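Everything on this sheet refers to the single structure shown next.
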Amino acid sequence: MKAVILAAGEGTRLRPFTNSEPKGMLPISNRPILEYVIKALAQNKIRDIVIVVGYHKERIMSYFEDGKDFDVKISYIVQKRRVGKIGTAYALSMAKNKIKDDFILLPGDNLIDAQTVSDAIKGNQKHKVVIVQSDIPSKYGVVELSSNVVRNIIEKPEEEISNLISTGIYKLPVSIFDDIEKVMKDGRYDMTSVLQSILAKKKIIAVTTKGTWQDIVYPWDIINVNSMALNNNESHTSGRIERNVTLKGSVSIGKGTIIRSGAYIVGPTKIGEGCEIGPNVTIYPSTSIGNNVRIGPNSVIEHSVIMSDVRIGATCHISNSVIGDGVEIGPQFCSTSRSGNIEMDNELHKVEHIGALIGERTMIGDQVSVIGGTIIGSNCDISSQKIISKEIPDNSSVI
Amino acid sequence: MCGIIGYTGPKAAKDILLNALKRLEYRGYDSAGIAVINDELNVFKDKGDIDHLINITPDFKGTQGIGHTRWATHGKPIKNNSHPFKGCKGKFAIVHNGIIDNFNELKDELMKEGHIFSSETDTEVIVHLLENYYEDNLEDAMKKVVKRLRGSYAIVAITTFEKDKVVGARMISPLIVGVGHNENFIASDVPAVLEYTNKMIYLLDEEIVAITSKGVEIQTFDGDPVERDWQKVDMTLDGAEKGGYEHFMLKEIFEQPKAIHNTLLGEVLNFDSYANSNHISNIKIIACGTSYHAGFVGKHIIENLAKIPVTVELASEYRFLADAGERPLVIAISQSGETLDTMTAVRLARRRGLRTMSIVNIVGSTLTRETDETFYTRADLEIGVAATKTYITQIIAMYILGIRFGRANGSLSPDRARRMINRLRDLPKQVKTILNNADNIKRIAEKIADSQSMFFLGRNINYPVALEGALKMKEISYIHAEGYPGGELKHGPLALITEKTPVIAVAVKDYTYEKMLGNIGEVAARGSPVVGIGNQSDKELKRYVDEVIPIPDVHYLFTPVLTSVVMQLLSYYVADARNCEIDKPRHLAKSVTVE
């Protein structure tokens, strides 16, 4: 069986973390989220994979190449234009010439595991959709069932119908491409519309899965999805660990990394290659730290995602935060977490325990405090001793 | 140059040979060919590159064969002059990389004996000699042949008389053996066979190897058996696909942050313990082309950090320099580690009893075995003929050596060393900043792409960057380009400046800045469109130039890394706008193994 992965989207709601990377390349436990999808397929012996790419395609293609390093065979289709608000069916239609048989369709930006894939493909039914329960069904395609047969599927319904949503993972026959053609003629380009158009004639089976399925919609989701992925973290140390360092739980340390004396690190925590974790730094779970990250003495990092090439000064407190690639943070920075509402897409989102969300290559001076839940864009310049409590757009200076 | 390959094993030789030649294409692509034995000896070759050969080669059967991709030295790049060559009776075929110096006398002798030659090449004498000397064993015949040859060569041969055997011989030109499972390979270079095996045996000069599907036997030209184990090669073929980029060159430019990170990775742990005190009174850096420019940047770095005087020599010139009686440490820089000019210079340095060090990207290459110490740049495989990520990592190597030498002789204080290391670790991020602004550089490149001629200006540590910028522009866009130190313009080249010669000037904030602004004024006054490369915080520069390409603010010693990346992108986009064959510029090859 072949697989088609949709990875062309821009992930606009994840800005600033998708400013220069496609959503599928977001690091989750130091691996692109798309890698989890590919691994889940490979574990089910699905090795023939078509990836539809678009936004920053070269980031995906140069990372996965022909798939050899991931034990699969990948071919790419480039989606050149965007259609409609949700163009999943349009994106899939581009893969038409590569598919000759039943196949599995997956989004490239959800955390899944092998179980999820095996639930989707087992059995003889031609049309299957993997469903899960969601706390915020209004963000997804909501599914109405009778027994396990889909009776209705509605994209982002305004009224509350059910809490069962489509994961966007489908097993489909090749005839779906004809169905897509028809629906696209009516000016609709999403898979939900396509399924809705055929469910009167064809039986679509809904399967729930015990496997993992986690979506990243908003920047703050990165933290929780990351900690979920870290549950499978394995202890592994490389590099150099100085005397009097305490490592508890599963802590993985990449090659060329130095952990200075007195550091206290509690897993699950993953630290990449070529990092320098300063003296007496404390790292609490569940934290991922990318490559070439330097953290100054006495800093505390807690339940956060620190991407690559980040520099954090001495005596900083970073909690429940996402720090983008190449961010520089001066000494005595503080981003403690709080619970509150974050405004995005003209909507207030209630978020529990959230710290700072800082876009790539932003420079932050000394003694800056960020009030929990504040988003700072990429390439910003924030001078010393500021308190940031409002969203800062990309490329701004705070003087 | 030229790339050669030999295979024997259970698989269809044709596919493996063509695939390997594709990987060797960076060594030359004037013409190419393969020979496969299946009872009969079949040869197919033509002018043109490997894709052309793949398209037109008929389906040969057979599991034993040789192949060649050519960079013409003796004889024009036409079908008749391409390899492999067959003997008169069609029983032998050979491929050759290198130059046979005495081929004229051998050819006369063979023609007198009645051998018929079909080409103008030096190579063809080898196959006729093989025919003459063959009794019942190909290695024995090869031993007799090499006794007659003068020059540099790597030869691979097959004969219909001996099934499942391929024989290679090496003198100066590189040759490796790839050890597979029930199959074996002989090739010019590791990447050719990396898809099939990562176990390599490196042949030395004056050695002959015979491979069969079951084994590898090495002996010297004198017939003494040689025992040598294979080494595992860590390199991956990652670089071999374009990964969504238009060209390998662009992909490799974008891989530079990772290449810098990987090169530092091996060293950052060592910085804590730099204390060994080797007394080095002076240093001589020897290299060619782009590596020479990296060495030239290195001169500024080492002199600044370690206070050791450094001279930089072109390898092809050093070998003719008189021994001035100094005792420098010789540092040879070569991406491939096979550059013949550099190797010859190193051999001369060793004959003069000097300590030698090499900065090389390809693990296990010849240069690494002929120098006392090697610093590996970890740029991984580079396919584009125009060097980018290997050049940047060579500069990174210079910083690391500068810090190491400076700590060793005490001229670099521990706190300054720590600052320097921290700055090095900021470089991947700063390079990414430039890459993220590639669109701006593309826009500017398109404005100047129609020019006939360009000038590149820089001063001090950015003077070599100007040279490298001009070299890149020449190499891939075929625009005449000159690199000059800003102050030299008025001593001559200013006469060439018109409103049709764009000037690319590096004007970063260091102690040359004001003088550079003056130099820019000189050309701007003559109507030249000027592109200034300056600090992003510099708000003044745009008043002096037509376009500004900003780089992140860094200590001036580290600006060459950033200004070089700007130059790479600029020449890439100019060449792209002119529809040039960017990855395979005309007349050029990557690994230059001729003098």
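Within every chain, numbering begins at 1; the chains are lettered A, B, ... in the order of the sequence lines, protein sequences first and strands thereafter. These numbers were taken from a predicted model, which means no experiment stands behind them.
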Atom NZ of B/Lys11 with >12 non-hydrogen neighbours under 6.0 angstrom = yes
Drop me the distance from B/Asn436's CG to A/Asp325's CG, to the nearest 0.5 angstrom.
-> 9.5 Å
For B/His555, does the NE2 atom sit with more than 12 other heavy atoms under 6.0 Å from it, leaving out its own atoms?
-> yes
Got more than 12 heavy atoms from elsewhere within 6.0 Å of NZ, A/Lys386?
-> yes
Are there more than 12 heavy atoms of other residues, nucleotides or ligands under 6.0 Å from atom CZ of A/Arg15?
-> yes
Residue pair A/Asn292 / B/Pro428: nearest heavy atoms and the distance that separates them = ND2-CG, 3.8 Å
Taking every heavy atom of A/Glu273 against every heavy atom of B/His261, the minimum-distance pair comes out as O-CE1, 3.4 Å
Roughly how far, to the nearest 0.5 Å, is the NZ atom of B/Lys432 from the OG atom of A/Ser308?
-> 6.0 Å
Please examine the side chains of A/Arg294 and B/Asp426, heavy atoms only from C-beta on, and report whether any two atoms are closer than 4.5 Å.
-> yes
B/Glu246 CD: over 12 foreign heavy atoms closer than 6.0 Å | no
If we only count heavy atoms from C-beta on, is the B/Tyr245 to A/Met61 side-chain gap below 4.5 Å?
-> no
Evaluate whether atom CZ of B/Arg416 has more than 12 neighbouring non-hydrogen atoms of other residues, nucleotides or ligands under 6.0 angstrom away.
-> yes
NZ (A/Lys255) and CG (B/Leu265) are apart, to the nearest 0.5 Å, by 6.0 Å
For the pair A/Arg361 and B/Lys429, evaluate side-chain contact (heavy atoms from CB on, under 4.5 Å) and give the outcome as yes or no after the intermediate values.
-> CA-CA 8 Å; A/Arg361 283 189 306 284; B/Lys429 170 181 89 179; 3.9 Å; yes
Does a side-chain N-to-carboxylate-O contact under 4.0 Å join A/Glu276 and B/Arg425?
-> yes
